[in-house]
Each structure stands twice: as C-alpha cells, then as structure tokens.
Protein chains: 2
Amino acid sequence: MDTGTPAPRRRMRADARRNYERLLAEAAAAFGEHGADFSLEEIARRAGVANGTLYGHFPTRRALLEALMGDRMRTLATTGEELLAHPSPFDGLAAWARAAMAHTTLYRGLGATLMQAIEDETSELHTACKAVLAAGEGLVARARAAGAARPDVTAPDLYALVNAAAWAGEQSSALQAERLLAFGLDGFRASTTGADDHMPSQR
Amino acid sequence: MDTGTPAPRRRMRADARRNYERLLAEAAAAFGEHGADFSLEEIARRAGVANGTLYGHFPTRRALLEALMGDRMRTLATTGEELLAHPSPFDGLAAWARAAMAHTTLYRGLGATLMQAIEDETSELHTACKAVLAAGEGLVARARAAGAARPDVTAPDLYALVNAAAWAGEQSSALQAERLLAFGLDGFRASTTGADDHMPSQR
DNA sequence: ACCTGAACACCGTTCAAGT
DNA sequence: ACCTGAACACCGTTCAAGT
C-alpha cells in the first residue's frame, strides 16, 4: 500500500513523524519553485521547526533529495527495463533518455548532484543513481548489440548526455535541452556509412 | 604593445592601479585552483586590500571574469574566423568547438556564467560571449551551406553543446567532456542517408 | 527519542568616514 | 579619486540543554 509520501524507514514518535512530513512538503515546494539549492534554513523556518530538527531528519541536502526523489528514480529504472521490450532498440533508448531528462528537470540544479552521486559512494543518492545508470546500461547494450548504436557508446555517456542537456536547458530554454539531447542521441547512432570519426577512447 | 595583463580602461592613480592588478592576479590564481565561484572576500584578503576595494574595481563577479578572460574570448572569436579557411567545413567547425570547450574549462563552473551571459545583456561578459557566438555562427553556416552539417543546426546549439560538455566534464572527467562533445558534433553532421529523425524545431 | 535555539565560522554587498 | 572597515542580512552545520 503506497501512502503517497515516502515513508521514513522506521516507526517514529508522532511529533517526529509530523515534522518529518512537514519538512518534506516544504522542501518539495521550495525546490520546485527555486531549485535544489534553496536554503535549508528557510525550509525549516517554513515547516515551523528549528534548524537542528531538519538536520536531525536529513543530515545532508542529498538525504532530503533522496527522500523526495528516491521512489521516482526507482520508477525510472523500472521504466527502462520495460523499454527493453520496445520493438526498436534505438527508439526505446531514446524514449528512456527523454524520460530521464524530464526527471532531472524536476528541480533546477539537480543535474550536478545526480552526476556527482554516481561517483560518490557516500552520497545518499548513490544507490538510486546507480539503479538509473544500470537501466541505461541495459538499453545501451541492447542498441549496441542490434547494431543500432555505435559499439563504443556507454551507459555513462548516456547518463552524462541526459544530465548535461538538462543543465543546458536550465541555463537557456527547455527547447534547447531537447535539441541537445536529440543531437547527442543522434551521435550515439551507428553510422550507416563506414566512416568513423575520432572518438576519445573509453574510460 | 601588449603588457600581458589586461589594461584598465582609463588612467588610474598609482595605488589604484596596483590594487587593481593584485586583485586580478589573486583572482586568476584562486579561480584557477578553486573555480569561478571562489569567495570574493577571500580574494580581497589575499590581495591585501579591503572588501570594498574589490567592489570598487569590479562591481560584480562577472566584471572580474571579464577582465580576466575578455581578451582570451576575443582571441577565440578570431580563431573561429581563421578556421573559416579550413579545407573541411565540418572539421573546421569541430576544431573550433574543441578550442571553445578548452576555454570554458579554464575555471570550474564557468559554463553557467557563459551560458547566461548570452541572454543577459546586463552581463559584463555579454559582448565577449556574443563575439564567440558570432564566430560559431560563421562556422555553422559554412558547414550547413556545404551540406556537411544538418540544415537545422544553429550557433546556439553549438554554444550550448560546448558549454554543456564542459560542464559534464567538471562533474566527472575531462574525457567524458570530450566524448560528449564528439557525440554532439556527430549529431550535427548531415546524415548521409535520407533518414531524418525528430528534431524539436528551432527557436 | 526528539526538539530547540544559540554558537561558530562563514558569505556578498553597501556605504559613511577617512586620506 | 580612492581606500577602509564596519554594518547588514544572510548562509550551513554543530551541539549543549531541555522535554
């Protein structure tokens, strides 16, 4: 049974639970309006709790983001697995990339956190990001195997493209983000001619 | 005669000029090591001047960046014009894109400022960025006209790609930046087959 | 078990007062 | 003409003291 709000991991005292949920609600509203870098102090203020109460529930900004977005990210990963059944390996990959970018666009400034969380094992978002990356990996591998994507395209390439395009969109326009994503995806496509260009080799 | 340091626009009192140059030197060092978001207060401290002295010379962070990078950006624009003589329109475009990305990589976190400066006419970096964009425009137009680039590729697309790839590199690795740029540029290439894909239409 | 609020060490920006 | 340094309004994070 899904309550709609992400549940804290264990039973909490009634007042604690109430504070936890008010903090989440205010954070969602504030991040949505002002971006993921919005002042945590101000969020606590709006939730009507003291400074330290926020840190008690969410020791870092990333922990707060994980509580807000963890489920959504796992859903994105599931969507990726489902798209493995898409009739066209490349179109399935492209459709998922667009969904992933829409996810990054949820809060302004999210891209940097999501990019760093992949490498940073101490990040509370690390596990969720890894799941998303793994879903991308499946789609990329399938497109490569089908000869639809270049043999050297990797999941980190896809992940970076999605977040970078989302970032560019934040600086200029949502349309620019879509265009950049489309160009990048087209660069992932296996060339029908045999003419390869100079791609820096893989990590 | 080039003195090596960017010259302030008018004659200054000797002490003012000395402060101006110490501030520039400390800013260059600090931005180089810690990124373009480094504390201005700390830069003033390191330069041995008071807080307000920095603001007297450079009313905004962007003004400081312009003093540090304006010349470099105009040089980049010139390089772009020279590359119009490159035998291959597409390779000339690609070479310039790589040079532009190297420029963005000068200080961490520069990409956002450079992206915003294009749209923000009040930015002290606006003029310099416009010159860079115009150089890109020339190269893109030539590649389009030669049938080497897709007919719908624009200078803003190129500008966004360069900065977004540089941004991605800052979050993960320089190699990832190069790869993203290469994929994006390949997406700019006119497809040898007639098969067009769904590109969101232009601004 | 959880909450409070002060404490600490920072920011960017402005501006009166000096020389 | 330029510089100083205090003033103002903010941050994130920690932690002793309370209930």
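- Between W167(A) and W167(B), the two ring planes are parallel [angle under 30°; tilted spans 30° to 60°].
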What string of B, S and - do you get for nucleotides 3-13 of chain D 5' to 3' if you count protein non-hydrogen atoms under 4.0 Å?
SBBB----BBB

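- Taking the charged nitrogens against the carboxylate oxygens, E66(A) and R62(A) have no contact shorter than 4.0 Å, which rules out a salt bridge.
- Separating the CZ atom of F58(B) from the P atom of dC2(D) is a distance of 13 Å, rounded to the nearest angstrom.
- dA17(D) makes up no base pair with any nucleotide shown, lacking Watson-Crick or G-U wobble contacts both under 3.5 Å.
- Contact check on R74(A) versus E81(A) returns no salt bridge, with no Lys/Arg side-chain nitrogen under 4.0 Å from an Asp/Glu carboxylate oxygen.
- For the atom pair CG (L181(B)) and CD (Q176(B)), the distance works out to 11.5 Å, reported to the nearest 0.5 Å.
- Residue-environment remark: CZ (R72(A)) stays at or below the threshold of 12 foreign heavy atoms within 6.0 Å.
- For the side chain to side chain donor-acceptor pair (under 3.5 Å) test with D15(B), the passing option among R13(B), R18(B), R17(B) is R13(B); the others fail.
- Between F183(A) and F183(B), a ring centre-to-centre spacing not shorter than 6.0 Å is recorded.
- Applying a 4.0 Å cut-off to non-hydrogen atoms, none of the residues of residues 107-120 of chain B approaches DNA chain C.
- Between D186(A) and R189(A) there is a salt bridge, since a side-chain N of the basic residue sits under 4.0 Å from a carboxylate O of the acidic one.
- Nucleotides dA9(D) and dA9(C), compared at atom P, are 22 Å apart to the nearest Å.
- Across all strands shown, dA9(D) has no partner, as no Watson-Crick or G-U wobble contact with both distances under 3.5 Å is found.
- Pairing for dC3(D) is absent, judged as Watson-Crick or G-U wobble with the two contacts each under 3.5 Å.
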